[in-house]
Structures are given as structure tokens and as C-alpha cells.
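Before any comments, here is the structure.
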Amino acid sequence: MNEKFLKPYNPAETEPRIYEKWLESGFFNPDNLPGKRTTPFTIIMPPPNANGSLHAGHALFITIQDIMIRYRRMRGDKALWVPGADHAGFETQVVYEKKLEKEGRSRFGMDPKQLYKEIYDFTIENKKIMEDQVKTLGASCDWSREKFTLDPEVVSEVQKTFVKMHDDNLIYRGKRTINWCPKHQTSLSDVETENVEEKTPFFYFKYGPFTIGTVRPETKFGDKYVVMHPNDKRYAKYKHGDTLEVEWINGKITATVIKDEAVDMEFGSGVMTITPWHSQIDFEIATRHNLDMEQIIDWRGKLLPIAGEFAGVNIKDARPKIVEKLKAKGLLEKVDENYTNVVKRCYKCNTSIEPQIKDQWFVKMKPLAEKALEAVEKKEVVFIPNNYEKIFRYWMENTLDWNISRQIVWGIQIPAWFKNRGSESEKIKISLQSPGEGFEQDPDTFDTWFSSGQWPLLALNYPSGADFKTFYPTDVMETGHDLIFKWVPRMVIFGLYLAKKAPFRTVYLHGLVNDAKGKKMSKSKGNVINPLDLTEKYGTDALRIGLVVGNTPGTSLALSEDKIRAYKNFANKLWNIARFVLENTEGVNIKDGFPERNEHDEKLRLERRSILEDVTKDMEEYRFYLAAEKLYHYTWHTFADKILEESKTVFADGSDEAKVRRKQFLLHTLDALLKALHPFMPFVTEEIWQVMYKGEKMLMVEKWPVGGHIE
RNA sequence: GGGCGCUUAGCUCAGUUGGUAGAGCAAUCGCUUUACACGCGAAAGGUCGGGGGUUCGAGCCCCUCAGCGCCCACCA
């Protein structure tokens with residue numbers, strides 16, 4: 001008997017060795033797979049942040065995707081799983097800025113090219129840590145095809161897309177309200193901001209004959225438009241366009257009456273003044289009526305000269321001073337202290353977002369979104385679970401034009417060129433190369449979703465690569481359900497726009513991984529579970545199957561250590577099952593087959609077959625959580641508890657023929673279970689397989705046990 | 001304010017097309033049974049959130065009420 005079996009299963013010793021063996025085999029690369037394989041099966045891995053460690057969510061998606069890939073590979077497909085690493089734009093730049101700060105440096109004033117290079121080197125160096133963690137989790141992805149989101153060919157292809165979209169009249173430059181982080185000196189997308197509820201005083205001020213309500217008196221210096229609802233009877237005597245002199249913060253100003261339906265008659269006094277430069281809604285009102293807009297707060301968050309005596313004051317300090325002054329002038333009517341409103345904050349530094357107006361590049365979303373909707377309607381893209389289709393549609397039916405400009409260095413620079421920027425004679429040209437003397441490239445970079453939206457194409461070397469021809473469109477996009485609007489629609493849009501085909505047929509969405517009590521993991525709560533710690537303690541196989549069993553797509557999962565421990569026991573159980581079977585079948589060759597079966601054996605065989613067929617159906621229909629549980633159950637409570645126990649009697653008292661028959665049955669069942677369990681628990685199954693077949697073949701490329709392969 | 005989802009054993013969750021409920025952990029009792037104490041055997045535990053309806057039959061379909069969670073949103 002193999003000496004290994006004398007001890008409990010030891011994942012720590014086994015796993016790295018097995019992974020190395022798989023790597024050496026070259027079978028992660030579909031070009032090397034044995035046999036004739038014509039059907040491709042492709043998954044593009046959502047690239048983890050090159051700079052970060054994997055968290056529990058990564059462990060879950062790597063497990064699910066690896067299950068799909070291993071299963072399809074065993075079914076005989078040309079299975080390709082392309083790994084990647086994400087530069088994670090703003091995220092990484094913030095990390096690097098902190099590093100610079102520690103060194104007493106700052107990105108402001110640094111040569112952008114130098115800064116880019118430093119972050120690049122830093123990221124590439126760290127990338128290996130992330131990759132090693134992916135390997136630890138058993139991912140059978142093709143490392144020879146790994147892509148980084150800032151690889152030179154990726155950068156140039158993304159820039160080409162921008163040029164193409166511009167040529168197709170899908171890009172425009174415009175002044176819009178953006179979310180400006182005064183600390184990071186960049187605009188942020190809505191998803192990079194956090195809405196925080198705050199209790200804040202709500203002030204009522206006299207503004208000529210009106211009373212206006214506001215939470216931000218410090219922005220109100222230039223407010224010369226007073227807005228009310230056209231149907232508000234209280235103010236019926238004031239007509240749209242009327243002007244009147246009012247006493248205001250720094251003296252008299254001329255106010256103009258504006259009637260607009262955006263005003264809520266029920267709220268406050270039903271009258272407000274507007275600050276179009278620093279408020280989205282005010283900007284929209286001002287745009288509708290073609291009103292003047294003036295900047296009050298500079299990019300650093302300080303008041304501009306329009307504030308008179310308050311010029312240069314930081315916006316955070318300005319409020320009490322201005323309220324004091326208005327109070328002194330007798331303009332403060334009352335203060336409501338129990339008011340709560342929602343403030344946007346930078347998700348990285350918690351700084352209050354200052355809405356600002358800035359020239360940015362925009363993508364016209366409507367024509368693109370319509371195509372995406374159409375593809376979903378035609379079922380060219382399907383969602384698991386299905387209800388996410390509704391969310392996708394809602395998102396695509398309500399698109400706003402997409403601001404793709406970011407004022408950070410760490411990203412793909414926008415291929416737009418300026419001559420005499422900001423002056424009357426400003427010229428803008430869109431091209432990959434400098435259009436000539438005197439032109440300077442826009443220092444802004446693309447929103448990270450602009451490039452990651454093209455990832456399925458880029459990862460397959462669109463447009464001319466051989467992989468693109470073979471593997472596009474891909475089969476499954478497996479990602480977190482929170483990306484149903486951030487990422488998935490953009491991929492569909494770019495796939496349809498560039499390749500005329502949706503980039504994947506199936507979108508499989510997993511839920512959040514929460515702590516054992518179902519609470520969201522967060523550093524501040526201290527309940528973060530590091531998947532690599534669990535791997536170390538219980539083995540990767542235990543973590544993987546523990547993450548999968550009972551975890552339905554789309555719903556979040558409570559990750560408890562108890563559960564992982566239970567599946568570690570299962571790995572060991574399987575180990576001992578193998579030990580029993582192999583010990584008791586020495587000298588019997590599985591290839592010799594069965595003597596004639598009796599009724600009882602036939603019953604056992606049919607039961608086994610039915611379980612495996614059932615499991616196969618579940619695999620085909622993406623019910624991994626059921627497949628895993630059924631296999632677990634059959635293995636432990638039927639094969640071990642009943643069949644193995646019964647075999648002891650057969651081996652003690654049975655006829656020679658009965659013994660041989662039983663031995664064959666045990667070997668065939670073990671063989672089939674190892675195969676069926678392999679996608680879920682690749683390490684322990686491969687290890688046993690190596691012992692069982694003395695290293696002659698590899699489980700990873702064996703045929704799935706249903707469809708005539710068993711017996 | 002909109003949208004989505006959840007409510008099943010003490011805890012965390014499954015339950016695929018409607019046929020009177022399952023898993024893991026925890027808790028109880030008994031086992032040094034030669035594959036495994038990371039184990040074995042046994043027993044226990046649920047009027048499937050409340051109410052109503054459809055049906056021969058509902059955890060599953062429909063209506064309604066209650067509680068919880070998540071996402072989106074410019075009420076100054």
C-alpha cells in the first residue's frame with residue numbers, strides 16, 4: 001500500500017506539488033489539450049487588482065470559474081480561461097500617493113511620465129503576489145495568455161476605440177457637473193463616491209421679498225436667480241424674468257425670477273436661489289433657461305474673489321462666518337436643526353465632493369445602450385439568476401451620457417491633442433499620434449471602465465489575434481452581482497460596437513461573501529476573513545467546496561469557518577475512502593471489468609448512474625451548489641456509509657466471484673467520484689488519482705464520467 | 001421617492017417543472033467496530049413570517065399585511 005495513506009490527508013504538502021504538476025503538463029493552455037477538441041469554451045477572468053491581495057470574493061469567483069473550466073475541459077471542450085491583472089486606476093494611484101506621502105513627496109508637481117513609470121514598476125512588482133494567490137486557489141487558467149490592463153497593445157487598442165468612436169460621432173466634449181475631489185484633484189464617477197447621510201442645519205434667509213432655504217450658504221455669493229415652481233400660487237405675482245434689487249451677503253444684487261418645475265413646492269419655502277457651478281440640479285435649471293454660471297469655489301476648495309472679504313477661505317470654514325454675517329445683517333430668518341441630507345464623499349479619503357463644472361469627454365450612451373437592450377431581448381445574452389435581466393434592462397433604458405475623463409496619471413491617456421488650449425484659437429484634434437507642432441496631449445486618462453469594458457476583446461487580442469477568431473464570443477462572464485451595472489453593460493456595449501457580437505452568452509452573477517453572521521465584511525468592523533488563511537488552515541479544496549455548496553447565484557453568502565472545517569473533513573473522508581478501496585482491491589485491474597452482475601450490484605450501479613446524471617444536469621445548468629451537495633452526500637452517506645461497510649462483509653464471507661465483482665464496483669465508483677468531484681476539489685482528487693493510477697495519467701484531463709465513460 | 005430581493009430546524013442556508021420538508025454547524029445519547037475520532041451508530045428538532053385565494057394537493061402559483069436587507073435617485 002502507498003505509504004501516503006497511513007496519515008491523514010495533508011493539503012499543505014499536497015497542493016503546491018499538484019499545482020506544479022498541472023503547470024508542467026501544459027494543459028491549462030487549450031492548445032496542448034489531448035484529443036481532438038473543436039468546441040471552444042472560454043471564460044475571461046475579471047482581472048483582480050494587480051496591487052492588492054485577494055479577498056473572499058476573489059476566492060469565490062476563482063472557485064466558480066475554475067469549476068466551469070475544469071468541467072468543460074473534462075467534457076472535451078477546448079477550454080480557455082484567460083487570467084488578467086487590473087491596474088485599478090484611481091485605487092492604485094491612491095495607494096501610491098500614500099507611499100509618496102510617507103517618503104515626503106507628492107504627486108503634484110511631479111513629471112506625469114515619471115510618476116506613471118514609478119507606479120508601473122511598483123504595480124508590476126506587486127502583481128506576482130496576486131498571481132501566486134490565484135494559483136494557491138487552484139485556478140487552472142492559462143498563464144501564458146495573461147494580460148495586464150496597461151500592456152502596450154491594450155493601451156493602444158483602447159485609444160483606437162476612442163478615435164473610432166469619435167469618428168462615429170459617439171464622443172463629444174462638454175461642460176458638465178462632475179464630482180470633484182478637492183484632495184485627490186480629480187473627478188470621480190458616481191460609483192467612486194459614497195452617499196453619506198448627515199444631520200446638518202437648514203438655514204432660512206431673507207432674499208428680498210422671499211425666504212430661501214439652503215444648507216450651503218457658503219456657495220451663495222453669486223446667487224442672482226431666484227427660482228420657484230410655475231404653479232405655486234403663493235408667488236403668482238412674480239413673473240418669469242422679473243428683476244428686483246435685493247440685499248445679499250456682500251451688498252445689493254439684482255435678482256431675476258425664474259420659474260422651473262424642478263422646484264418642490266412642498267419643500268422649505270418653495271423658493272430657492274441657484275448656484276449652477278456647484279450643483280447638478282442648479283446646473284440643469286440654468287442650462288434650461290440659458291442662465292449665467294460662475295465658479296465660486298476653486299479646485300482646491302477655497303472661495304474665489306467673488307466672495308469678497310471671504311476670498312481664500314477654505315469652504316469648510318466658511319459656513320459659520322457667512323451665517324454670522326447674514327445674521328448680523330438681519331437676513332437670517334430661522335434655522336432648522338433637525339434636517340438630514342445626503343452628502344457625497346470621496347470613497348477613498350472621505351472628503352466632501354465638490355460639484356464643479358469642467359470640460360470632459362463624454363460618450364453618447366443612447367445609441368449604444370439600445371443595441372445592448374436588443375441583444376438581451378433576443379436572448380443573445382442571458383443572466384443567471386434570471387432576475388438580473390430586469391436590472392440590466394432598467395439600467396440600459398435609463399442611461400446618462402458617460403463622463404470618461406479622469407484627472408489622474410495612472411491610466412490610459414486620452415488621445416486628444418490641444419493647440420493653444422483655453423484661448424480663443426484653441427484647436428482640438430483626436431488622433432493616436434501628435435497631429436503636429438504645438439499640439440499637446442490631453443493629460444487626462446480614461447475612466448477605468450472605459451478600458452475594462454473592452455476587456456473580453458482585449459484579453460483575446462482583438463482585432464487581429466488568432467485567439468479572437470477562435471474564442472470570441474466567450475461563453476460565460478462570471479462576476480459579482482454589484483457589477484451588473486458598473487461593468488457588464490459596458491462590456492456588452494463595447495462588444496456589440498466593436499465586434500458586432502455580444503462578448504459572452506451567459507452572465508453568471510455571484511453574491512457578496514459576508515462573515516459568518518451574514519454581515520458585510522469591512523476593515524472597520526474587523527470581521528474580514530482572508531481566504532488565504534482558510535486555505536492554509538483547512539486546505540484549498542475545503543475552502544472551494546465550502547464556498548460553493550448551498551451558495552445560490554446572486555445571493556450573498558455567509559462564510560463560516562465551521563463550514564470550511566466540515567469540508568476539510570470531507571476531503572479527509574475521501575482520502576480514507578480511497579485508502580480503503582485501494583487497500584482492498586490490490587491485484588485487481590479496473591480494466592478487467594465486471595463478471596456478470598447480480599441484482600444487488602445492478603441496483604447500486606443504477607443508483608450511482610442516476611446520481612451522476614443528475615449532477616451532470618446540474619453542472620450543465622450552472623447549479624454547482626446542488627451538484628456539489630449531491631456528490632458530497634452520495635460519497636459520504638451512500639458510498640462510504642453503506643457500500644463500503646457492506647463490502648467488509650463481502651470481503652469476509654463472500655464467494656470469490658462476489659469479491660471480484662465488489663472490488664470492480666468499488667474501483668469504478670471511486671474512479672467516477674474522483675472525476676465528478678475534481679472540479680470542486682481538484683487537489684485531493686488529483687492526488688488520489690495519481691496514487692490510484694501510479695502517475696500514469698492525469699485526472700484533470702480525464703473524461704467526465706457520464707455519457708458512457710463509466711464501465 | 002423608485003427598483004430588486006429575503007423571511008424554512010438554535011445558527012448559516014438549500015429545496016430545479018406544485019405531490020404534505022433537507023444540509024452543514026451546534027445541542028442529546030451510545031460507541032477505543034482493524035479506511036477514517038478530521039470517525040461510527042441512534043435519537044431529537046420545523047403549523048416553511050401572518051392572513052386569504054387557486055388546486056385533488058402549495059414552502060413553491062396569485063392577492064394582502066408585517067418585518068428585514070441591498071441597490072439606484074439632483075428635494076435645494
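Throughout, a chain's letter reflects where its sequence line sits, starting with A, and its residues are numbered from 1.
Secondary structure note: stems in RNA chain B built from 3 or more consecutive Watson-Crick or G-U wobble pairs under 3.5 Å occupy B:1-7 with B:66-72, B:10-13 with B:22-25, B:28-31 with B:39-42, B:49-53 with B:61-65.
Trp636(A) has no side-chain polar atom (N or O) that falls below the 4.0 Å cut-off from OP1 or OP2 of rA35(B). Under 4.0 angstrom from either OP1 or OP2 of rA35(B) there lies no side-chain N or O belonging to Asn584(A).
Contact check for Asn403(A) versus Asp447(A): no side-chain heavy atoms found under the 4.5 Å cut-off.
Separation of the C1' atoms belonging to rG49(B) and rC68(B) is 11 Å when rounded to the nearest angstrom. For the P atoms, the distance linking rC13(B) with rU17(B) amounts to 22 Å, nearest Å. Separating the P atom of rU20(B) from that of rG1(B) is a span of 43 Å, rounded to the nearest Å. When the P atom is compared between rU7(B) and rG15(B), the two are found 10 Å apart, to the nearest whole Å. Between rG22(B) and rA9(B), the two P atoms lie 14 Å apart (nearest whole Å). One P atom belongs to rU8(B), the other to rG41(B), and the distance between them is 30 Å to the nearest Å. For the P atoms, the distance from rA26(B) to rC38(B) is 12 Å, rounded to whole Å. When the C1' atom is compared between rG30(B) and rU12(B), the two are found 29 Å apart, to the nearest whole Å.
Protein atom CD of Glu583(A) is 8 Å distant from nucleotide atom P of rC36(B), rounded to whole Å. Protein atom CD1 of Ile274(A) is 15 Å distant from nucleotide atom C1' of rC75(B), rounded to whole Å. Residue Glu561(A) contributes atom CD, which lies 16 Å from atom C1' of rA26(B) at whole-angstrom precision. Computed from coordinates, the Lys568(A) NZ to rG24(B) P distance equals 18 Å when rounded to whole Å. As rounded to whole Å, 7 Å separates atom P of rC25(B) from atom CG of Asn569(A). Between Lys642(A) atom NZ and rU33(B) atom P the separation is 22 Å, expressed in whole Å. For the pair Phe680(A) CZ and rG24(B) P, the computed distance is 17 Å after rounding to whole Å. Between the OH atom of Tyr567(A) and the P atom of rC25(B) there is a distance of 8 Å, rounded to whole Å.
Within the nucleic acid shown, Gly270(A) comes within 4.0 Å of at least one base atom, counting heavy atoms only. Among the protein residues, Asn341(A) comes within range of the sugar-phosphate backbone only, with heavy atoms under 4.0 Å from sugar or phosphate atoms but none that close to a base. Across all strands shown, Ala640(A) has heavy atoms under 4.0 Å from base atoms, whether or not it also approaches the sugar-phosphate. Leu644(A) comes within 4.0 angstrom of a nucleotide base, judged by non-hydrogen atoms across all strands. Within 4.0 Å of Asn572(A), counting heavy atoms only, lies at least one base atom of the nucleic acid. Here Glu645(A) lies in heavy-atom contact (under 4.0 Å) with a base.
Taking the six-membered ring wherever Trp is involved, the centroid distance between the rings of Phe202(A) and Tyr339(A) falls below 6.0 Å.
In this structure, Arg544(A) is not positioned above the aromatic face of Phe683(A) in the sense of NZ or CZ being under 6.0 Å from the six-membered ring centre and within 45° of the axis.
For Ala566(A), the listed nucleotide lying nearest its side chain is rC25(B); candidates were rC36(B), rC25(B), rC38(B). Among rC74(B), rA35(B), rG39(B), the nucleotide with an atom closest to any side-chain atom of Glu284(A) is rC74(B). Each of rC40(B), rA76(B), rA35(B) was ranked by its minimum atom distance to the side chain of Phe580(A); first place goes to rA35(B). Residue Val215(A) places its side chain closer to rA76(B) than to any other of rC74(B), rA35(B), rA76(B).
The environment of Glu620(A) atom CD is dense: over 12 non-hydrogen atoms of other residues, nucleotides or ligands sit within 6.0 angstrom. Other residues, nucleotides and ligands contribute only 12 or fewer heavy atoms inside 6.0 Å of the CD atom of Glu266(A).
One finds a salt bridge joining Arg393(A) and Glu389(A) here, because a Lys/Arg side-chain nitrogen approaches an Asp/Glu carboxylate oxygen to under 4.0 Å.
Glu218(A) pairs with exactly one of His278(A), Arg319(A), Lys316(A) by the side chain to side chain donor-acceptor pair (under 3.5 Å) rule, that one being Arg319(A). When each of Thr540(A), Leu547(A), Leu543(A) is tested with Leu534(A) by the rule side chain to side chain contact (heavy atoms under 4.5 Å, CB included), just one qualifies, namely Leu543(A).
No hydrogens or angles considered: a donor-acceptor pair under 3.5 Å links the side chains of Asp671(A) and Tyr693(A). Side-chain contact, Tyr538(A) with Glu561(A): a donor N or O sits under 3.5 Å from an acceptor N or O. A donor-acceptor pair shorter than 3.5 Å can be found between the side chains of Lys220(A) and Thr273(A). Between the side chains of Thr479(A) and Trp487(A), not a single donor N or O lies within less than 3.5 Å of an accepting N or O.
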**OP:** Would you mind building the protein contact string for nucleotides 67-72 of chain B? One character per nucleotide, 5' to 3', B for base within reach (heavy atoms under 4.0 Å), S for sugar-phosphate only, - for untouched.
**Re:** ----SS
Original post:
When every nucleotide of nucleotides 4-18 of chain B is labelled 5' to 3' by its protein contacts under 4.0 Å (heavy atoms), B for base, S for sugar-phosphate only, - for none, what sequence of letters results?
Top reply: SS------SSSSB--
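In this structure, Phe205(A) and Trp248(A) have perpendicular ring planes: the angle between them is above 60°, well past the 30° mark.
Of the possible polar contacts, one joining the Lys259(A) side chain to the Tyr238(A) backbone as a donor-acceptor pair under 3.5 Å is found.
Judged by distance alone with a 3.5 Å cut-off, no donor-acceptor contact links the side chain of Lys573(A) to the base of rC38(B).
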